[in-house]
Amino acid sequence: MHISNNTFLFTIYLVCAEILSLHTPYNNLSIKQSLSVANDTVYFCPKDNCLQLRGNSLRNKTIVVEGDEVLNVSIKNLRTKNLIFQSNKTTYLTVHGNNKINHLVCHGQLDFNSKSEKDQLIIYNDGYLSSLKCHGFFMHNGILTIQNKFDESKGVNCKEEFYIEKGIINITLKGASCRGIVCSKDAFFYGGVINIDFPDFILYKNAKSPKGIKIKSMGIFNGTNINCNGYIEEGIECNGDMTVESGIFNLHCLDDCIQTRGNLMVKGGNISAIITKSSLLKERKYWKNHTGGDAIDSNKGITISGGYIYAVGGGKGDHAIDSEDSTIITGGTVLAFGGIERINNIPKLSFTTDSSYYQFIRKAKKENVRKVFLLNTNSEYKLLKNGKVYLTFITPKLACEKIYIYLPGLEYNDEFEIFSGSGNSPDFISGSVISVESGTQSPGGGRRKRAGEEFSRTRSGLGFESPACH
């Protein structure tokens, strides 16, 4: 049976009509190449640069949208293999419903948006190192979910600027040496949520350096909530200066939760940076001698003028906060479990959860060596000033030699009380008031209050360290 070329083209149009509608008349659509067994590719060339794709008729095909100008593409419940935008200018992609593709490439800037917060695009990668590859990435709304199981894969691979102001990005990578987000230029985090998870510990021979967010230039964080979990070496790595204005950071990493080669400036936000440990590290050559890392680390200087920081270092020489130049704190609340390297001399509370370190300090004979208060690991404590709860915190599960706490408006000779436990009536665990007196003095007991007993409010020097110690 002979099928004419006209009949074949008519069949192609019927297939495409099932998934395609345009803002212009249908005859303005140009299909430059038909479906073929050789390449399984469909080319769309809308003359007005507006295109709508929907349905699953091209489930196993590659869709290429051509054009030299700005593209406006809308997808709704689309199922296809690969989606490629060839314009070197901006492609405005609007997502409707639940869409699922294998791979997304944009030769220009990709502007991601949706009609509602629940509209979603899922990229489940199967054979490509970059799940989403583009020159620039701007996200305004919707949900972008990326799953990739290949070694050295990247969730979002951005050659120019990265920008997010709203929406949710979920990235799960299961290969070795992966990157959640890679930005080759400046990155701006002005809102939305980013969740990055490396759930599996990779035992491959050359597996190393998995990173959550890699910024090769400057990074500004002002409102985005960022969660990095799993077997991630570094949560956020920034080659340039990094500024935190606001946002919530929940970072659990094996090495550095935040690492900058430039200066780090924290003006606000809520940062939880915790170095995690695993017995699996010993099974890998790369991690054989790895003991942890600095929770927050800068190759230059660190300036903290606001916000809330809860940082837990890896121990054995690794600090909660470390800088090569200096760390200057002028404001904010900082809880540093593991100490701070190169810190400016300002009033601070000093504790330990390491009994051996506590005994060493108790036996120290040198003048101006402070005695610190011994706390339990994985326990809740309250600091009271003038009868009011000033700060509530939980100590880490692992012992820390040095714990420094900086509070807004803290001054030398301020007095605090320590309570342990939760609830409205926690136990008073110390008979002494924490002060910033210099010199070597004895800790004030540490036993629990007996019924009917009142403790005297004498200054014992507990918990503070004199500037003379540095």
Side-chain angles (χ1 to χ4, degrees), residues 16 19-20 22-24 28-36 38-54 58 60-76 78-95 99-114 121-140 142 144-146 148 150 152-164 167 169 171 179-188 214-217:
C16 293
I19 66 163
L20 176 68
L22 296 173
H23 297 296
T24 56
N28 284 341
L29 171 67
S30 171
I31 300 179
K32 298 184 64 175
Q33 183 171 330
S34 63
L35 301 176
S36 65
N39 52 31
D40 290 335
T41 303
V42 179
Y43 290 83
F44 292 122
C45 271
K47 291 183 179 180
D48 65 349
N49 301 311
C50 295
L51 180 67
Q52 294 180 357
L53 298 167
R54 63 178 183 267
L58 299 181
N60 297 318
K61 308 301 179 182
T62 292
I63 297 177
V64 178
V65 182
E66 294 187 328
D68 298 327
E69 301 298 327
V70 173
L71 294 174
N72 291 280
V73 180
S74 175
I75 61 176
K76 183 176 182 180
L78 179 66
R79 299 290 189 274
T80 191
K81 186 176 181 181
N82 303 315
L83 185 58
I84 300 174
F85 303 119
Q86 288 193 335
S87 174
N88 291 326
K89 297 184 179 180
T90 301
T91 295
Y92 292 93
L93 177 64
T94 303
V95 176
N99 303 269
K100 195 171 184 180
I101 66 176
N102 180 249
H103 182 48
L104 175 60
V105 176
C106 183
H107 290 186
Q109 175 181 298
L110 181 65
D111 196 288
F112 187 99
N113 206 344
S114 69
L121 171 61
I122 300 175
I123 303 177
Y124 60 104
N125 210 317
D126 185 17
Y128 296 91
L129 293 183
S130 296
S131 297
L132 192 160
K133 187 176 182 180
C134 58
H135 275 256
F137 181 81
F138 282 59
M139 184 163 187
H140 303 285
L144 173 63
T145 298
I146 294 176
N148 199 319
F150 288 88
E152 300 182 0
S153 62
K154 301 175 180 66
V156 177
N157 188 4
C158 183
K159 292 184 178 181
E160 294 183 359
E161 291 184 349
F162 177 95
Y163 178 96
I164 178 173
I169 299 177
I171 300 176
R179 306 284 191 272
I181 297 174
V182 176
C183 176
S184 296
K185 292 189 177 180
D186 297 339
F188 303 91
K214 169 71 175 180
I215 305 169
K216 297 183 179 180
S217 187

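These figures come from a predicted structure and were not determined experimentally.
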Inset, instruction - Indicate yes or no for a side-chain donor-acceptor contact from Ser184 to the backbone of Glu160 under 3.5 Å, with no hydrogens or angles considered. - result: no

Inset, instruction - Flag the pair Tyr92 / Val73 as yes when at least one side-chain heavy-atom distance between them is below 4.5 Å, and no otherwise. - result: no

Legend entry - Nearest heavy-atom neighbours spanning Ile171 and Gly155: CG2-CA, 4.3 Å

Legend entry - All side-chain hydrogen bond (donor to acceptor under 3.5 Å, both in side chains) counterparts of Lys89, not counting sequence neighbours: Glu69

Legend entry - From Val64, Ile63, Thr91, residue fulfilling side-chain contact (heavy atoms from CB on, under 4.5 Å) relative to Phe85: Thr91

Legend entry - Close side-chain approach of Ile122 to Asn99, heavy-atom, < 4.5 Å: no

Inset, instruction - Could you tell me whether the side chain of Val156 reaches within less than 4.5 Å of the side chain of Ile146, counting heavy atoms only? - result: yes

Legend entry - Cation-aromatic face contact Lys185/Phe162, 6.0 Å, 45 degrees: no

Legend entry - Gln86, CD: over 12 other non-hydrogen atoms inside 6.0 angstrom: yes

Inset, instruction - Just do the side-chain contact (heavy atoms from CB on, under 4.5 Å) check on Arg54 and Leu78 with the steps written out, would you? - result: CA-CA 5 Å; Arg54 63 178 183 267; Leu78 179 66; 5.9 Å; no

Inset, instruction - Please check if the side chain of Asn113 supplies one atom and the backbone of His140 the other of a donor-acceptor pair under 3.5 Å. - result: no

Legend entry - Audit row: Leu53, Leu83, side-chain contact (heavy atoms from CB on, under 4.5 Å) steps and yes/no: CA-CA 11 Å; Leu53 298 167; Leu83 185 58; 4.2 Å; yes

Inset, instruction - Applying salt bridge (Lys or Arg N to Asp or Glu O under 4.0 Å), name anything that partners Lys214, two or more places apart in sequence or on another chain. - result: Glu237

Inset, instruction - Write down the atom of Ile123, the atom of Leu104, and the distance for their closest heavy-atom approach. - result: CD1-CB, 4.0 Å

Inset, instruction - Go through Thr90 and Asp111 one step at a time and tell me if the side chain to side chain donor-acceptor pair (under 3.5 Å) criterion holds. - result: CA-CA 7 Å; Thr90 301; Asp111 196 288; over 6 Å; no

Inset, instruction - Report yes if some heavy atom in the side chain of Lys81 is under 4.5 Å from a heavy atom in the side chain of Lys61; otherwise report no. - result: no

Legend entry - Over all atoms of both residues, closest heavy-atom pair of Lys133 and Ser130: CB-CB, 4.0 Å

Legend entry - From CA spacing to verdict: side-chain contact (heavy atoms from CB on, under 4.5 Å), Asn72, Leu93: CA-CA 6 Å; Asn72 291 280; Leu93 177 64; over 6 Å; no

Legend entry - Between OG on residue Ser131 and CZ on residue Phe150, distance to nearest 0.5 Å: 10.0 Å

Inset, instruction - Please state whether the rings of Phe112 and Phe137 are parallel, tilted or perpendicular, taking 30° and 60° as the class boundaries. - result: tilted

Inset, instruction - Step by step, work out the side-chain contact (heavy atoms from CB on, under 4.5 Å) result for Leu110 and Leu132. - result: CA-CA 10 Å; Leu110 181 65; Leu132 192 160; 4.1 Å; yes

Legend entry - Thr80 side chain near Asn60 side chain, heavy-atom distance below 4.5 Å: no

Inset, instruction - For residues Ile169 and Met139, determine if any side-chain heavy atom of one lies less than 4.5 Å from a side-chain heavy atom of the other. - result: yes

Inset, instruction - For residues Ile84 and His107, determine if any side-chain heavy atom of one lies less than 4.5 Å from a side-chain heavy atom of the other. - result: yes

Legend entry - Qualifying residues under side chain to side chain contact (heavy atoms under 4.5 Å, CB included), relative to Asn82, sequence neighbours excluded: Thr62, Asn102, His103, Tyr128

Inset, instruction - Compare all side-chain heavy atoms of Leu51 with those of Leu71 and state whether any distance is below 4.5 angstrom. - result: no

Legend entry - Minimum-distance pair of heavy atoms, taken over all atoms of Val70 and Ser87: N-OG, 4.5 Å

Inset, instruction - List the atom of Cys183, the atom of Asp186, and the distance in Å for their closest heavy-atom pair. - result: SG-O, 3.3 Å

Legend entry - Backbone of Gly142 reached by a side-chain donor or acceptor of Ser114 within 3.5 Å: yes

